[in-house]
Amino acid sequence: MSPEPMDDEPTIHHLAETAVRAAALITRSRPLARPDGSTGPRPPYDEAEVEAREWMRTNGEALASCVRWAGTEERHTTVLWVVEAVESHLRDSGLPTERLEMVETGVRAALALGDTSWEARMRNFLALALLDIGELERAGQESAAAHALAEADRDDRARAAALECMGAVAQHDRRDEAALALFESARPLREAMGGPREIAVLDLLSGRSLVSLGRFDHALERLDAALEVFTAPRDGRDADGMNVARVRLERGRALNGKRRTAQARRELERALSGFESGGHTYQTAKVREVLAGVDQLSGAQDWREHLVVAVRLYRGIGHGAEAERVGAHLR
């Protein structure tokens with residue numbers, strides 16, 4: 001986080017617009033944060049996802065300063081544009097403190113504008129950020145509040161997002177049957193307005209809960225469907241590498257549950273490679289944890305090394321509680 005305040009308005013505007021376009025490349029959703037569909041200056045990279053992610057990474061401190069300045073100056077719309085653009089990047093990078101600060105600023109901006117559509121989006125983001133720091137009760141409250149706003153606005157897109165978010169909260173709370181019910185409630189809404197990718201996200205989320213419930217064959221059906229979508233090129237772009245890695249992680253868990261150890265390890269190693277190449281430290285640590293379990297069950301002698309690396313990675317991105325939890329298995 002940059003210690004210097006940012007007060008150059010043209011720079012703020014340029015950062016905000018560029019962040020929106022970078023996020024559109026990363027998420028493959030061109031109108032991500034600009035409801036009017038307008039575009040800003042051309043971003044300083046060659047219209048490729050990898051360059052967009054690198055731009056987000058190297059400009060993280062400037063973007064945090066941008067949000068703080070815009071909030072102080074009551075430039076609420078700028079706050080919302082930047083928060084929505086940056087939130088996904090921070091989520092994937094595993095930076096819980098920075099993400100929470102930004103999203104809380106976003107909620108305040110939406111409230112100041114009296115815009116319930118933006119407020120619902122920001123409260124969903126806040127719920128997900130709270131999950132990362134273990135505040136399950138508050139996360140549940142925020143996702144429920146987002147759902148209530150969506151219902152009041154009769155906004156099916158916001159309703160689907162809130163149901164997914166509520167499902168994620170239930171999943172973190174180990175209430176996987178409840179999570180599955182919420183994901184299935186979101187499915188017809190996504191089918192009515194979303195494309196294949198939105199349905200694939202639901203299949204990934206549902207597959208994750210099915211694995212946790214021990215329903216491995218059903219999980220693999222859902223995960224295979226998601227993998228087919230995420231590996232298919234879209235609009236001339238490469239496959240969705242981040243979600244491919246997420247699916248392979250869950251497939252590894254499912255295959256390990258079926259005691260297909262060699263296949264499980266191959267899937268997990270591919271997931272590990274995908275997360276590492278994208279610089280996704282938090283997810284890399286998660287895969288290391290699962291690999292440790294697979295290697296331990298198969299009798300491999302170096303399974304503890306995966307946990308040592310996971311602890312180091314968690315500590316490096318400020319996830320002290322996760323580092324302590326994993327470190328307990330090394331004592």
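Along the sequence shown, residues carry numbers from 1. Every value quoted in this text rests on a predicted model; they were computed, and no experiment measured them.
Considering only heavy atoms from C-beta on, Leu128 stays 4.5 Å or farther from Val169 through its side chain. The side-chain heavy atoms of Ser185 and Arg159, taken from C-beta on, include no pair separated by under 4.5 Å. Between Gln283 and Leu249 there is no side-chain heavy-atom pair separated by less than 4.5 Å. His329 places none of its side-chain heavy atoms less than 4.5 Å from the side chain of Arg304. Side chains of Glu289 and Arg325 form a contact here, defined as non-hydrogen atoms less than 4.5 Å apart. Residues Arg197 and Phe230 are in side-chain contact: their nearest non-hydrogen atoms beyond the backbone lie under 4.5 Å apart. A 4.5 Å side-chain heavy-atom check between Phe275 and Met242 finds at least one atom pair inside the cut-off. Using a 4.5 Å heavy-atom cutoff, the side chains of Glu101 and Val67 are not in contact.
Under 3.5 Å, the side chains of Arg246 and Asn243 contain a donor-acceptor pair of N or O atoms. For the residue pair Arg270 and Ser273, no side-chain donor N or O sits within less than 3.5 Å of a side-chain acceptor on the partner. Judged purely by distance below 3.5 Å, without hydrogens or angles, the side chains of Thr284 and Glu276 never pair a donor atom with an acceptor atom.
Residues passing the salt bridge (Lys or Arg N to Asp or Glu O under 4.0 Å) test with Arg99, sequence neighbours excluded: Glu87, Asp132. With sequence neighbours excluded, no residue forms a salt bridge (Lys or Arg N to Asp or Glu O under 4.0 Å) with Glu73. Looking at residues two or more places apart in sequence or on another chain, you find a side chain to side chain contact (heavy atoms under 4.5 Å, CB included) between Ala225 and Asp203. With sequence neighbours left out, the salt bridge (Lys or Arg N to Asp or Glu O under 4.0 Å) criterion links Glu142 to Arg123. Considering only residues two or more places apart in sequence or on other chains, Ala186 meets the side chain to side chain contact (heavy atoms under 4.5 Å, CB included) condition with Leu163, Glu164, Leu202. Listed by chain and residue number, nothing satisfies the salt bridge (Lys or Arg N to Asp or Glu O under 4.0 Å) test with Asp155 (two or more places apart in sequence, or in another chain). With sequence neighbours left out, the side chain to side chain contact (heavy atoms under 4.5 Å, CB included) criterion links Glu191 to Arg187, Ile199. Judged as a side chain to side chain donor-acceptor pair (under 3.5 Å), and not counting sequence neighbours, Arg312 has no contacts. With sequence neighbours left out, Asp173 forms a side chain to side chain contact (heavy atoms under 4.5 Å, CB included) with Leu136, Arg175. Partners of Tyr314 under the ring-ring contact (aromatic ring centres under 6.0 Å, His included) rule, at least two apart in sequence or in another chain, are Tyr282.
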Verdict with reasoning, Thr105 to Arg108, per side chain to side chain contact (heavy atoms under 4.5 Å, CB included): CA-CA 5 Å; Thr105 304; Arg108 291 192 294 271; 3.2 Å; yes
Starting from the C-alpha separation in whole Å, work towards a yes-or-no answer on side chain to side chain contact (heavy atoms under 4.5 Å, CB included) for Thr261 and Val294. CA-CA 7 Å; Thr261 306; Val294 172; 3.8 Å; yes
Would Ser209 and Glu177 count as a side chain to side chain contact (heavy atoms under 4.5 Å, CB included) if you check the C-alpha gap in whole Å, the side-chain angles of each, and the deciding distance to 0.1 Å? CA-CA 8 Å; Ser209 278; Glu177 290 288 4; over 6 Å; no
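Taking a cutoff of 4.0 Å between a charged side-chain nitrogen and a carboxylate oxygen, Glu269 and Arg288 do not qualify as a salt bridge. Under 4.0 Å is where a charged nitrogen must lie from a carboxylate oxygen, and between Asp176 and Arg208 no such pair does. Between Glu324 and Arg331 a salt bridge is recorded (basic side-chain N to carboxylate O distance below 4.0 Å). Contact check on Arg315 versus Glu322 returns no salt bridge, with no Lys/Arg side-chain nitrogen under 4.0 Å from an Asp/Glu carboxylate oxygen.
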Could you go through residues 213-223 and list every donor-acceptor pair under 3.5 Å that involves a side-chain atom there, pairing it with any protein atom two or more places apart or in another chain?
{"unit_1": "Arg215", "atom_1": "NH2", "unit_2": "His218", "atom_2": "ND1", "d": "3.4"}
{"unit_1": "Asp217", "atom_1": "OD1", "unit_2": "Lys258", "atom_2": "NZ", "d": "2.7"}
{"unit_1": "Arg222", "atom_1": "NH1", "unit_2": "Glu184", "atom_2": "OE2", "d": "3.2"}
{"unit_1": "Arg222", "atom_1": "NH1", "unit_2": "Ser206", "atom_2": "OG", "d": "3.4"}
{"unit_1": "Arg222", "atom_1": "NH2", "unit_2": "Glu184", "atom_2": "OE2", "d": "3.4"}

Taking distance alone, no hydrogens or angles, what donor-acceptor pairs closer than 3.5 Å link side-chain atoms of residues 143-150 to residues at least two apart or in another chain?
{"unit_1": "Ser143", "atom_1": "OG", "unit_2": "Ala139", "atom_2": "O", "d": "3.3"}
{"unit_1": "Ser143", "atom_1": "OG", "unit_2": "Gly140", "atom_2": "O", "d": "3.1"}
{"unit_1": "His147", "atom_1": "NE2", "unit_2": "Glu151", "atom_2": "OE2", "d": "3.3"}

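Taking NZ of Lys286 as the start and CG of Leu268 as the end, the distance is 13.5 Å to the nearest 0.5 Å. Note that CG of Asp156 and CZ of Arg190 are 10.5 Å apart. Values are rounded to the nearest 0.5 Å. Arg138 CZ to Leu126 CG: the interatomic distance, rounded to the nearest 0.5 Å, is 5.0 Å. Arg75 CZ to Leu80 CG: the interatomic distance, rounded to the nearest 0.5 Å, is 14.0 Å.
When the side chains of ILVMFWY residues are joined at heavy-atom separations under 4.5 Å, either directly or via intervening members, Leu189 and Met166 end up in a single hydrophobic cluster. Both Val308 and Trp303 are members of a single hydrophobic cluster when ILVMFWY side chains are connected at heavy-atom separations under 4.5 Å. In the hydrophobic cluster analysis, where Ile, Leu, Val, Met, Phe, Trp and Tyr join through side-chain heavy atoms closer than 4.5 angstrom, Leu255 is grouped apart from Leu272. In the hydrophobic clustering of this structure, Met122 groups with Leu130; members are Ile, Leu, Val, Met, Phe, Trp, Tyr whose side-chain heavy atoms approach within less than 4.5 Å, directly or through other members. Follow the hydrophobic side-chain contacts under 4.5 Å out from Phe183 and you reach Val211 in the same cluster.
The main-chain N or O of Trp118 is found under 3.5 Å from a side-chain atom of Asp115 such that the two form a donor-acceptor pair. Panel note: side chain Gln171, backbone Leu205; a donor-acceptor pair is recorded below 3.5 Å. Side-chain atoms of Glu74 never come within 3.5 Å of backbone atoms of Thr72 as a donor-acceptor pair (strictly under, hydrogens ignored).
For the residue pair Ala323 and Val311, the shortest heavy atom distance occurs at O-CG2, 3.7 Å. Considering every non-hydrogen atom in both Ala226 and Val247, the closest pair reads CB-CG2, 4.0 Å. The shortest heavy-atom contact between Ser117 and Asp153 is N-OD2, 3.9 Å. Among all heavy-atom pairs drawn from Asn256 and Ala264, the shortest one is N-CB, 3.5 Å.
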